[in-house]
A.B. asks: 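Can you keep this structure in mind? I'll have questions shortly.
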Amino acid sequence: MSGTEISRELLSSLLEATRVPQGTHSEFGIAMFHGAKFYDAGPRGADFIGGQRLAQLSDSTREAGGGFEGVVFRDRAFFIGARFIGPVSFAQAQFCDFALFEGVTFEGGAWFGTVGFQGQVSFSYAQFEGECWFGEAVIVGDASFDCAKFSMDAYFPHVRFNGNAQFSGAAFEKRAVFGGVKVGARMIFGEVSFNSNVTLGPLVCSGDIVLQAAIMRGAALVEAEAREIICRRASFEAPITIRARRAVVDLTNATLLQPCAVTTDFAPDRPQVIALENVTVSVSSIRGVDASMLLLSDTDLSQCSFAGTHNLDQLRLEGRWDLSSAPTGLYWHKGIPRWWVKRQVIREERDWRALPSRPPAARSGWGQPTRGTDPAPGLATITSTYRQLRKAREDAKDEPGAADLYYGEMEMRRHSHNWRHAERWLLQAYWMLSGYGLRASRSLGWLAAAMTATVFLMMGYGLPDSPPKQQLTGTVPANGGKATFEVEKPDPHNPTRDRFTLIRFEKALSITLNSVVFRSTGQDLTTTGNYIEMVSRFSEPILLGLGALAIRGRVKRGS
């Protein structure tokens, strides 16, 4: 009914004139209201079915009360460009085929409570100038609200979308509430503008919740169970809390002007539709985000991209958070056996170690790069990323949590230099002797090996065959008088046999133990033994200190 203003009396007379008897309801074919204008009018209880078509109405305009409550549209329903002057209600109406409300203007309130849409429905470019209510509506097909404008509060409580729910480009000027919503596919809010408070949840989505390039100017709460929550290039100008289950959150290049919290929702009363065991939220990327506004609590960060994050040293991590784990076990590199240590690593290091350009032995256990087409960052970038994360944990008084981050930082520094640089050799020695001062077992193992070697060297070459005896030599005058004597002590000699005896072992052990704590026993030693003792008194206390430092780093708690 293109360009027509419809009143209730006029529409009722039309229905009566075109009625086809069947049952107790009037039955009509395709309902077409293109550009029609409704003054608070509608056919209550009418039944639009296939077989007949509404005739063209005249341009007359009359006012009447009423609505579309309980109306059954058994075929396609077109309200394209229609305009509802007053409040209108489609409560309990049934649309058996697709319904098009594209470009419709609702100047009063619009109620679609408990409406059943058996096919697709489109409210694209519709304007809701009054409150709208879609409580407990069921939409079997895809629903589109693209570029729709909601000038007043919009409520979608307990709506069930069996297909996609798309709000791309929509504008919510007032409060928007999506509580208890279930979505069978994807829920898309791409480039949506929320100019007031918004509540998304609790809702369950079998697919993704897309907030890409969305603008949220009011406080927002997202409580969802979904496959992924995509917030790329979203702008959050007010505080936002994302509390989710089993979801992967992507915050790439999101703008945070106010605090943002991402946390796992452990509430057991949420409806579950995704068959996954772990409920912990995963964060896939915070690249381009101002981390000073970000709080991550009880999140899985094993696949998170950190490189390119602003103010990463101010990132707040609370609760339990986990990074990816390095491989463990023995591997061979250039014929030398090595052992992977257990530690947490960031995704950037894992991708770098898994690069095809690296030797196969060095890539063993690291899997495949997970960044897709994105190039892996360089060693300098990974080093800086580790350094900022370490500083964030140290500022939070979490020394044990910063230990693996420091280890990763030093690993990247060690690999960033070739063997022509002295720093590479120093870092290599630091790594081998104590794991950068973080592996107590390694430094204590080297200490035990050094002490054992010192004991055997002392027994074999350091202790003399027998303690040297002092000898007095001089001349006594015949007529008496003053006599002069010289005291000589011959040099100790190495034994020729019976070097490894119990007595010599006890002496060698005493000398070695005193060397660890910078003490000397005053034992007579051979020339070789003196050099052995000097080396022992220099190296072994260092190894002992590195072991103590590693133990302190593991057990220290911030004050």
A.B. asks: Start with the C-alpha distance between R343 and V345, add both sets of side-chain angles, then the distance that settles side chain to side chain contact (heavy atoms under 4.5 Å, CB included), and finish with yes or no.
C.D. replies: CA-CA 7 Å; R343 63 185 178 94; V345 298; 3.2 Å; yes
A.B. asks: Applying the salt bridge (Lys or Arg N to Asp or Glu O under 4.0 Å) criterion to D250, which one of R287, R232, R227 satisfies it?
C.D. replies: R232
A.B. asks: Working to the nearest 0.5 angstrom, can you tell me the gap between L257 CG and I240 CD1?
C.D. replies: 12.0 Å
A.B. asks: Using 4.0 Å as the upper bound for N to carboxylate O, is an ion pair formed by D208 and R186?
C.D. replies: yes
A.B. asks: Could you tell me whether the side chain of S302 reaches within less than 4.5 Å of the side chain of L323, counting heavy atoms only?
C.D. replies: no
A.B. asks: Using modelled atom types only, decide if a donor and an acceptor are shared between the side chain of T309 and the backbone of F306 within a distance under 3.5 Å.
C.D. replies: yes
A.B. asks: What pairs meet the salt bridge (Lys or Arg N to Asp or Glu O under 4.0 Å) rule with one or both residues in residues 297-316, with sequence neighbours excluded?
C.D. replies: D313-K391
A.B. asks: What are the two closest non-hydrogen atoms of L379 and M412, and how far apart are they?
C.D. replies: CD2-SD, 3.6 Å
A.B. asks: How close do N164 and A185 get, heavy atom to heavy atom, and via which atoms?
C.D. replies: OD1-CB, 2.9 Å
A.B. asks: Taking A380's backbone N and O only, do any of them form a donor-acceptor pair with S384's side chain (distance below 3.5 Å, no angle check)?
C.D. replies: no
A.B. asks: Hey, is R393 close enough to D395 for a salt bridge, meaning N to O under 4.0 Å?
C.D. replies: no
A.B. asks: Do you know the tightest heavy-atom contact between M410 and L427?
C.D. replies: CE-CD2, 3.4 Å
A.B. asks: Enter the distance from L295:CG to C260:SG here, rounded to the nearest 0.5 Å.
C.D. replies: 8.5 Å
A.B. asks: For R387, does the CZ atom have more than 12 heavy-atom neighbours from other residues, nucleotides or ligands under 6.0 Å away?
C.D. replies: yes
A.B. asks: Is R353 salt-bridged to E348, going by a charged N under 4.0 Å from an acidic O?
C.D. replies: no
A.B. asks: Could you tell me if S193 and R217 have a donor-acceptor pair between their side chains, going purely by distance under 3.5 Å?
C.D. replies: yes
A.B. asks: Can you give me the closest heavy-atom contact between S284 and V248, atom names plus distance?
C.D. replies: CB-CG1, 3.7 Å
A.B. asks: For the atom pair OG1 (T280) and CG (D265), what is the distance rounded to the nearest 0.5 Å?
C.D. replies: 11.5 Å
A.B. asks: Does one side chain, of S285 or T252, offer a donor that lies under 3.5 Å from an acceptor on the other?
C.D. replies: yes
A.B. asks: Taking M216's backbone N and O only, do any of them form a donor-acceptor pair with E237's side chain (distance below 3.5 Å, no angle check)?
C.D. replies: no
A.B. asks: So, do I209 and I188 sit near enough that their side-chain heavy atoms are less than 4.5 Å apart?
C.D. replies: no
A.B. asks: Could you walk me through whether R175 and S196 pass the side chain to side chain donor-acceptor pair (under 3.5 Å) check?
C.D. replies: CA-CA 5 Å; R175 185 182 181 190; S196 187; over 6 Å; no
A.B. asks: Do K182 and H158 pass the side chain to side chain contact (heavy atoms under 4.5 Å, CB included) test, and can you show the C-alpha distance, the side-chain angles, and the key distance before you say yes or no?
C.D. replies: CA-CA 7 Å; K182 293 183 180 180; H158 303 286; over 6 Å; no
A.B. asks: Return yes when atom CD of Q166 has more than 12 non-hydrogen atoms of other residues, nucleotides or ligands closer than 6.0 Å, and no otherwise.
C.D. replies: yes
A.B. asks: Could you report the tightest heavy-atom contact between V283 and C304, atom names first, then the distance?
C.D. replies: O-CB, 3.1 Å
A.B. asks: Could you list the residues that satisfy ring-ring contact (aromatic ring centres under 6.0 Å, His included) with H415, not counting sequence neighbours?
C.D. replies: W352
A.B. asks: For the backbone of G401 and the side chain of D398, can you confirm whether one donor and one acceptor N or O come within less than 3.5 Å of each other?
C.D. replies: yes
A.B. asks: Using the ring centroid of each side chain, check whether F194 and F236 are separated by less than 6.0 Å.
C.D. replies: no
A.B. asks: May I have the step-by-step check of side chain to side chain contact (heavy atoms under 4.5 Å, CB included) for V192 and I215, ending in yes or no?
C.D. replies: CA-CA 6 Å; V192 169; I215 300 176; over 6 Å; no
A.B. asks: Using modelled atom types only, decide if a donor and an acceptor are shared between the side chain of T385 and the backbone of T381 within a distance under 3.5 Å.
C.D. replies: yes
A.B. asks: Does the side chain of M187 come within less than 4.5 Å of V210's, by heavy atoms?
C.D. replies: no
A.B. asks: Would you say that L315 contacts L317 through its side chain, given a criterion of any heavy-atom pair below 4.5 Å between the two side chains?
C.D. replies: yes
A.B. asks: A side-chain contact here means heavy atoms from C-beta on lying under 4.5 Å apart; do T263 and T299 qualify?
C.D. replies: no
A.B. asks: So R442 and W431, do their side chains get closer than 4.5 Å, heavy atoms only?
C.D. replies: yes
A.B. asks: Any side-chain heavy-atom pair from L296 and W321 closer than 4.5 angstrom?
C.D. replies: no
A.B. asks: Please determine if E223 and R245 form a salt bridge, counting it only when a charged side-chain N lies under 4.0 Å from a carboxylate O.
C.D. replies: no
A.B. asks: Find out whether R320 and D322 are in side-chain contact, i.e. whether some heavy atom of one side chain is under 4.5 Å from a heavy atom of the other.
C.D. replies: yes
A.B. asks: What distance do L433 atom CG and Q428 atom CD have between them, rounded to the nearest 0.5 Å?
C.D. replies: 10.0 Å
A.B. asks: Between Y386 (side chain only) and G408 (backbone N and O only), is there a donor and an acceptor less than 3.5 Å apart?
C.D. replies: no
A.B. asks: How close do L546 and S443 get, counting heavy atoms only, and between which atoms?
C.D. replies: C-OG, 3.7 Å
A.B. asks: Hey, mind stepping through V183 and V181 against side chain to side chain contact (heavy atoms under 4.5 Å, CB included) and telling me if it holds?
C.D. replies: CA-CA 7 Å; V183 183; V181 175; 3.9 Å; yes
A.B. asks: Do R350 and S324 pair up side chain to side chain, a donor and an acceptor below 3.5 Å, judged on atom types alone?
C.D. replies: yes
A.B. asks: Give a yes/no verdict on a cation-pi contact between R439 and Y407, requiring under 6.0 Å between NZ or CZ and the six-membered ring centre and an angle within 45° of the axis.
C.D. replies: yes
A.B. asks: Sub-3.5 Å donor-acceptor pair from the side chain of W446 to the main-chain atoms of M432, do we have one?
C.D. replies: yes
A.B. asks: Could you give the distance from CG (L389) to CG (D404), rounded to the nearest 0.5 Å?
C.D. replies: 12.0 Å
A.B. asks: Apply ring pair (Phe, Tyr, Trp, His ring centres under 6.0 Å) to F167 and F156, showing your working.
C.D. replies: CA-CA 13 Å; F167 293 80; F156 292 81; 5.6 Å; yes
A.B. asks: Are R414 and E409 close enough for a salt bridge, meaning some N to O gap below 4.0 Å?
C.D. replies: no
A.B. asks: Nearest 0.5 Å, please: how far is OG in S168 from CD in E191?
C.D. replies: 7.5 Å
